[in-house]
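I have placed the structure first, in the form of structure tokens, so that the comments after it can refer back to it.
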Amino acid sequence: MGRLPWWLERAQRGGRVLAPAPAEQRIQPVDVRDVAAFAVRLAAGAGRGAFNVTHPDGISFGDFLAQCLRVTGSDGAPAWVDPAVLTEHGVKQWTEVPLWRTHAGVWAVDSRRAVEAGLRCRPIADTVRDTWEWWAGEGRPVDHPRRAEHGIAAEKEARILASL
């Protein structure tokens with residue numbers, strides 16, 4: 001399962017949802033449909049070179065999680081956990097808590113050059129909604145050996161939340 005489908009399934013389960021603080025942290029996920037359209041545009045001769053392809057507007061982690069909770073109809077509520085606490089519990093960035101990265105600059109990528117070459121990104125809320133509609137309608141990602149790495153085990157999440 002991919003990162004966004006994992007968050008959607010976790011949101012749907014409800015309850016206290018372990019979330020990496022701060023809620024205001026901006027992230028820049030980009031819809032694969034927008035990446036594909038950009039690649040086709042470049043292949044058709046619209047530009048050349050290397051590009052940083054990230055969502056130019058981004059979204060806060062708090063707003064991202066709120067969208068996941070909203071589209072799934074969940075009664076869940078984020079429990080914002082300090083990154084130091086997650087690290088103390090051995091939580092793996094990017095995989096156990098998908099999209100969580102603390103390294104400086106990870107979510108401060110300048111995609112201006114790609115935008116100037118024609119990258120157009122739909123609102124992330126649209127991606128969240130469309131992915132949930134696809135996922136709830138029996139959509140499934142391509143099988144991949146690393147798919148099982150996405151998401152924290154429910155038991156580990158519960159232990160961390162209980163320790164707060």
Side-chain angles (χ1 to χ4, degrees), residues 1-35 38 51-112 114-115 119-136 139 141 144 146-164:
M1 152 178 10
R3 290 172 185 86
L4 176 52
W6 183 85
W7 276 110
L8 290 164
E9 284 200 349
R10 177 59 196 92
Q12 184 186 36
R13 280 198 327 260
R16 291 175 68 206
V17 178
L18 183 143
E24 301 78 27
Q25 173 63 52
R26 306 266 326 149
I27 59 176
Q28 297 173 288
V30 62
D31 192 306
V32 69
R33 296 171 295 181
D34 298 331
V35 175
F38 181 58
F51 299 90
N52 291 323
V53 179
T54 61
H55 200 291
D57 301 324
I59 188 170
S60 73
F61 216 110
D63 288 342
F64 168 77
L65 186 50
Q67 291 292 333
C68 291
L69 292 165
R70 184 185 61 74
V71 302
T72 60
S74 177
D75 66 352
W80 297 102
V81 180
D82 187 281
V85 172
L86 297 175
T87 301
E88 287 170 16
H89 285 273
V91 176
K92 295 176 190 158
Q93 294 185 38
W94 196 248
T95 53
E96 281 190 297
V97 178
L99 302 177
W100 172 54
R101 299 293 293 212
T102 60
H103 307 297
V106 168
W107 293 118
V109 177
D110 184 355
S111 59
R112 187 176 12 202
V115 170
L119 173 67
R120 300 292 175 264
C121 292
R122 68 195 76 220
I124 295 170
D126 291 356
T127 300
V128 171
R129 182 200 63 233
D130 293 351
T131 302
W132 177 246
E133 288 174 0
W134 167 74
W135 192 254
H144 190 278
R146 290 180 42 199
R147 188 172 79 180
E149 295 176 14
H150 293 235
I152 191 167
E155 301 80 23
K156 185 173 185 177
E157 179 186 26
R159 278 194 310 274
I160 294 169
L161 292 172
S163 75
L164 301 177

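Starting from 1, each residue takes its place in the sequence as its number.
I59 contributes atom CD1, which lies 5.5 Å from atom CD of Q67 (distance to the nearest 0.5 angstrom). Note that CH2 of W100 and OG1 of T95 are 9.5 Å apart. Values are rounded to the nearest 0.5 Å. Rounded to the nearest 0.5 Å, atoms CD1 (I124) and OG (S60) are 9.5 Å apart. Between atom CG of residue L8 and atom CZ of residue R3 there is a gap of 14.0 Å, rounded to the nearest 0.5 Å. Atom CZ of R101 is separated from atom CZ of F61 by 12.0 Å, given to the nearest 0.5 angstrom. Here the NE2 atom belonging to H150 is positioned 11.5 Å from the CG atom belonging to L4, to the nearest 0.5 angstrom.
A donor-acceptor pair is defined here as one N or O able to donate and one able to accept, closer than 3.5 Å; no such pair exists between the side chain of K92 and the backbone of T87. Within the 3.5 Å criterion, the main-chain N or O of S74 finds no donor-acceptor partner in the side chain of R70. When atom types are taken as modelled, the side chain of S111 and the backbone of A114 share no donor-acceptor pair closer than 3.5 angstrom. The closest donor-acceptor contact from the side chain of H55 to the backbone of D57 lies under 3.5 Å. Side-chain atoms of T72 come within 3.5 Å of backbone N or O of L69 as a donor-acceptor pair. A donor-acceptor contact shorter than 3.5 Å is absent between the side chain of Q28 and the backbone of G58.
Inspection of the Q12 and W132 side chains reveals no N or O donor paired with an N or O acceptor under 3.5 Å. Between the side chains of Q93 and T102, at least one donor N or O lies within less than 3.5 Å of an accepting N or O.
A pairwise comparison of heavy atoms in V17 and W7 identifies CG1-CZ3, 4.0 Å as the closest pair. Between T131 and P5, the closest heavy-atom pair is CG2-CG, 4.2 Å. The shortest heavy-atom contact between L164 and V81 is CD1-CG2, 3.8 Å. In terms of heavy atoms, P98 sits closest to G151 at CG-N, 3.9 Å.
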(message) If you apply the rule side chain to side chain contact (heavy atoms under 4.5 Å, CB included), what do you find for T54 with V30, and how did you get there?
(response) CA-CA 6 Å; T54 61; V30 62; 5.7 Å; no
(message) Is there a side chain to side chain contact (heavy atoms under 4.5 Å, CB included) between L119 and F51? Walk through the geometry before answering.
(response) CA-CA 10 Å; L119 173 67; F51 299 90; over 6 Å; no
(request) Check step by step if side chain to side chain contact (heavy atoms under 4.5 Å, CB included) holds for L161 and S163. (result) CA-CA 5 Å; L161 292 172; S163 75; over 6 Å; no
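For residues 14-35, the pairs satisfying salt bridge (charged side-chain N to carboxylate O under 4.0 Å, His left out) are D31-R33, D31-R122, R33-D130, D34-R122, with sequence neighbours left out.
Each of V97, V91, I152 was checked for a side-chain contact (heavy atoms from CB on, under 4.5 Å) with E157, and the lone residue meeting it is I152.
Side chains of C121 and P56 form a contact here, defined as non-hydrogen atoms less than 4.5 Å apart. Between R112 and V115, the closest side-chain pair of non-hydrogen atoms is not below 4.5 Å.
The aromatic rings of W107 and W94 sit tilted, their planes meeting at an angle between 30° and 60°.
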